[in-house]
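Below is one structure, written out as structure tokens; comments come after it.
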Amino acid sequence: MKFSCLIVALFFSCASFSSVAVAQDSPELRAKAADRYLKSVPMSAMLEDAYASLAQQMPADQREKFLKDIRSIVRIEFLESISKEKMVKVFTADELNAIASFYESKEGASAMKKFGVYMGEIMPVIQKEMMQAMAKLREEKK
């Protein structure tokens with residue numbers, strides 16, 4: 001009898017811990033954490049870094065026009081909305097808050113400022129590698 005009481009007690013304690021964990025990771029808490037992250041790492045700042053990187057790949061006399069045009073065409077609010085939606089879907093509230101805490105730190109803020117430069121350096125290499133891989137796959141199918 002004592003054993004069955006112990007099992008019942010364990011079941012209910014596990015169930016209560018489980019409900020606490022769920023309560024701490026609701027869609028509402030994820031959305032709030034995603035908002036915190038997006039405040040820490042504004043989409044507009046990330047895009048400006050990307051624009052600057054892309055502009056550096058163009059002739060100097062075309063850069064200003066490109067920057068003006070791209071800023072008028074890219075829908076920052078749309079991208080931010082989709083980004084938030086996907087973050088809420090993929091990450092827990094704790095994970096989003098941890099990411100936000102990192103980017104709010106001195107080191108995280110410094111790293112974020114360098115991220116656009118990093119992406120500008122690595123993306124051409126990744127794109128070239130992917131193009132070569134795709135060409136090789138097409139050749140192998142022949």
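The stretch residues 90-100 participates, sequence neighbours left out, in no salt bridge (Lys or Arg N to Asp or Glu O under 4.0 Å) pair at all. Note on residues 117-135: no pairs pass salt bridge (Lys or Arg N to Asp or Glu O under 4.0 Å), not counting sequence neighbours. For residues 106-118, no pair satisfies salt bridge (Lys or Arg N to Asp or Glu O under 4.0 Å), with sequence neighbours left out.
The pair E139-K136 does not count as a salt bridge, with every side-chain nitrogen at least 4.0 angstrom from each carboxylate oxygen.
With sequence neighbours left out, the side chain to side chain contact (heavy atoms under 4.5 Å, CB included) criterion links R138 to M134, A135. Partners of I122 by side chain to side chain contact (heavy atoms under 4.5 Å, CB included), not counting sequence neighbours, listed by chain and number: Y118, M119, I126. R71 is linked by a salt bridge (charged side-chain N to carboxylate O under 4.0 Å, His left out) to E48, counting only residues two or more places apart in sequence or in another chain. Not counting sequence neighbours, the partners of S101 by the side-chain hydrogen bond (donor to acceptor under 3.5 Å, both in side chains) test are R36. Looking at residues two or more places apart in sequence or on another chain, you find a side-chain hydrogen bond (donor to acceptor under 3.5 Å, both in side chains) between K65 and D69. Taking the side-chain hydrogen bond (donor to acceptor under 3.5 Å, both in side chains) definition, one finds that R30 meets it with D25, sequence neighbours left out. Applying the side chain to side chain contact (heavy atoms under 4.5 Å, CB included) criterion to P59, with sequence neighbours excluded, gives D61, Q62. Residues that satisfy the side-chain hydrogen bond (donor to acceptor under 3.5 Å, both in side chains) test with Q127, not counting sequence neighbours, are absent from this structure. Shown here are the side chain to side chain contact (heavy atoms under 4.5 Å, CB included) partners of A31, two or more places apart in sequence or in another chain: K84, V88.
Here the closest heavy-atom approach between residue Y103 and residue G108 is recorded as CD2-O, 3.4 Å. Of all the heavy atoms in A33 and L96, the pair that sits closest is CB-CB, 3.5 Å. Residues M87 and A34 share a closest heavy-atom pair of CB-CB, 4.4 Å. Between I70 and L67 the shortest heavy-atom distance is CG2-O, 3.4 Å.
The CD1 atom of I76 sits 13.0 Å away from the CZ atom of F78 when rounded to the nearest 0.5 Å. Between the CD1 atom of I99 and the CZ atom of F91 there is a distance of 4.5 Å, given to the nearest 0.5 Å. To the nearest 0.5 angstrom, F115 atom CZ is 13.0 Å from S110 atom OG.
In this structure the side chain of L47 reaches within 4.5 angstrom of the side chain of V74, judged on heavy atoms. Taking 4.5 Å as the limit, some side-chain heavy atom of P124 sits within range of a side-chain heavy atom of Q57. Residues E77 and M43 have side chains not in contact (no heavy-atom distance under 4.5 Å, counting atoms from C-beta outward).
Counting heavy-atom neighbours within 6.0 Å of E85 CD, excluding the residue itself, gives a total above 12.
Placement of L54 and M131 in two distinct hydrophobic clusters is found when ILVMFWY residues are connected by side-chain heavy-atom separations under 4.5 Å, directly or transitively. By the rule that hydrophobic residues join a cluster once side-chain heavy atoms approach within less than 4.5 Å of another member, M130 and M123 end up as members of one cluster. Linking ILVMFWY side-chain heavy atoms closer than 4.5 Å, directly or via other members, places I73 and F66 in two distinct hydrophobic clusters.
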* Asked: When you look at M46 and M112, which way does the side chain to side chain contact (heavy atoms under 4.5 Å, CB included) test go after all the steps?
  -> CA-CA 8 Å; M46 288 191 299; M112 190 62 218; 3.2 Å; yes
